[in-house]
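This is the structure, below, for whatever I ask next.
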Amino acid sequence: MISLPTHFTQTVVGVHKEAGRLWLDSFHELIAECEARWLLKVLEPFPLSYNFVAPVVLQDGRSAVLKLGVPGLDWQRELAAIRAFAGRGMVQLLDADEEKGIMLLERIMPGETLDKLSSEDERIQCLADVIKRMHTPRFERWQACSYVSNDSRLGCGTEKDSPSFQRGDRTDS
């Protein structure tokens, strides 16, 4: 059974109040559900802060990462962003359960840090390459909002984000 550090449980309750307490109460059942759903083995978690994040081994031996969090607006925003980028310049989402606050992510291993590159020009080029891979045309970003909802608190479905406004063909009377 996974033991959650006190600082993590205190943070979850401090941030999410009653919803955090309820989430912590059901944590072990959530882990068991993930293990059964994806036939995975959860390993020792990474250092925890606001979400539970741990490496896992899938049935076929591949590595992945399980991320669990208290469902809510912040969780929905993060999931929408990961879906919108679709692995371009960042981690790929393998599966998710938005209502339960579950993400199964590809496991990426760190490479060299930018300070290991020999020149500032190389560091800038490396960063520019990542940003280029992450580029999402505005219309795709609008479609990604539909993953979440048309809730204006999410910055989706509002007039300022609508495709017609972004194309510049909005007319004010």
Side-chain angles (χ1 to χ4, degrees), residues 1-114 116 126-127 129-136 140-141 143-151 153-156:
M1 183 173 288
I2 296 169
S3 177
L4 298 174
T6 303
H7 75 276
F8 174 68
T9 59
Q10 290 173 341
T11 298
V12 169
V13 172
V15 170
H16 300 285
K17 310 296 184 238
E18 184 61 22
R21 275 189 273 286
L22 293 171
W23 183 82
L24 288 167
D25 288 346
S26 65
F27 175 80
H28 289 97
E29 290 81 16
L30 195 57
I31 290 287
E33 182 179 329
C34 292
E35 289 175 331
R37 179 176 178 175
W38 290 297
L39 302 174
L40 55 80
K41 176 171 178 36
V42 180
L43 304 177
E44 200 59 34
F46 297 112
L48 302 175
S49 57
Y50 294 95
N51 298 294
F52 176 83
V53 184
V56 298
V57 178
L58 303 175
Q59 185 180 28
D60 64 6
R62 290 181 300 140
S63 294
V65 171
L66 182 65
K67 184 171 185 176
L68 308 176
V70 178
L73 187 58
D74 288 339
W75 187 263
Q76 291 172 334
R77 287 177 175 160
E78 181 177 350
L79 183 56
I82 290 173
R83 283 178 168 153
F85 284 112
R88 291 185 306 270
M90 65 168 31
V91 67
Q92 176 72 44
L93 179 69
L94 302 177
D95 203 355
D97 187 323
E98 183 176 336
E99 289 181 19
K100 294 183 179 180
I102 302 170
M103 288 186 222
L104 184 62
L105 305 163
E106 75 172 323
R107 180 156 187 196
I108 54 177
M109 301 303 285
E112 296 293 321
T113 58
L114 289 177
K116 300 285 187 205
C126 182
L127 183 58
D129 290 345
V130 172
I131 291 169
K132 184 177 179 181
R133 284 195 309 270
M134 292 176 75
H135 175 73
T136 302
E140 284 183 30
R141 186 185 68 180
Q143 289 175 325
C145 291
S146 67
Y147 283 121
V148 180
S149 75
N150 283 331
D151 187 332
R153 294 172 301 158
L154 300 176
C156 300

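In what follows, every heavy atom counts, from backbone to side chain, and hydrogens, waters and symmetry copies are set aside. If you read the sequence from its start, that first residue is 1, and numbering goes on from there. The shown structure was predicted, so the numbers you read here are calculated from the model rather than taken from an experiment.
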Closest approach of E44 to P55 (non-hydrogen atoms, all atoms of both residues):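 Of all heavy-atom pairs spanning E44 and P55, the closest is O-CD, 3.2 Å.
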Can you find a pair of side-chain heavy atoms, one from L79 and one from R83, that are under 4.5 Å apart? yes
List the atom of V42, the atom of A54, and the distance in Å for their closest heavy-atom pair. CG1-CB, 3.9 Å
Does H28 use its side chain to pair, donor to acceptor, with the backbone of I2 at less than 3.5 Å?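 It does hold such a pair.
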Should V53 and V65 count as side-chain neighbours, where that means a heavy-atom distance under 4.5 Å? yes
For a 4.5 angstrom cut-off between non-hydrogen side-chain atoms, does M103 reach I82? yes
Main chain of V91, side chain of E106: is a donor-acceptor contact present, judged purely on distance under 3.5 Å?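 Looks like no, no N/O pair under 3.5 Å.
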Sorted by chain and number, sequence neighbours left out, ring-ring contact (aromatic ring centres under 6.0 Å, His included) with W23 holds for F27
Kindly say whether L48 contributes a backbone atom to a donor-acceptor pair with the side chain of H7 at under 3.5 angstrom?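 Indeed, once roles are kept as given, a pair shorter than 3.5 Å links the two residues.
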All ring-ring contact (aromatic ring centres under 6.0 Å, His included) counterparts of Y50, not counting sequence neighbours: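 Per chain and number, Y50 pairs via ring-ring contact (aromatic ring centres under 6.0 Å, His included) with no residue.
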Shortest non-hydrogen contact from F52 toward P45: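 Smallest heavy-atom distance, with atoms named: CE1-CB, 3.6 Å.
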Should W75 and N51 be marked as a side-chain contact (heavy atoms from CB on, under 4.5 Å) after you check the CA-CA gap, both sets of side-chain angles, and the distance that decides it? CA-CA 10 Å; W75 187 263; N51 298 294; 3.5 Å; yes
Roughly how far, to the nearest 0.5 Å, is the NE2 atom of H16 from the OG1 atom of T11?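 With rounding to 0.5 Å, OG1 (T11) is 9.5 Å from NE2 (H16).
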Report the distance from atom CD of E35 to atom NZ of K41, rounding to the nearest 0.5 Å.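 Nearest 0.5 Å value for the CD-NZ distance: 7.5 Å.
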What residue among L30, V12, V70 forms side chain to side chain contact (heavy atoms under 4.5 Å, CB included) with L24? V12
Are F8 and S49 side-chain neighbours, meaning at least one heavy-atom pair lies under 4.5 Å?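 F8 does not reach S49 side chain to side chain.
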Interatomic distance, CD@E33 vs NZ@K100, rounded to 0.5 Å, equals 3.0 Å
Quick check: do D95 and R37 have side-chain heavy atoms less than 4.5 Å from each other? yes
Report yes if some heavy atom in the side chain of L104 is under 4.5 Å from a heavy atom in the side chain of D97; otherwise report no.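 No, side chains not in contact.
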Side chain to side chain donor-acceptor pair (under 3.5 Å): pairs with one or both residues in residues 57-69, sequence neighbours excluded: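 Qualifying pairs: D60-R62, K67-E78.
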At what distance, to the nearest 0.5 angstrom, does CD1 of I102 lie from CG of L105?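 Reported to 0.5 Å precision, the distance equals 12.0 Å.
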Out of curiosity, F46 CZ to L66 CG, how far, rounded to the nearest 0.5 Å?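 F46 CZ to L66 CG: 10.5 Å, rounded to 0.5 Å.
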Above 12 or not: heavy atoms from other molecules or residues under 6.0 Å from CD of E99?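 For E99, atom CD is not crowded (no more than 12 foreign heavy atoms under 6.0 Å).
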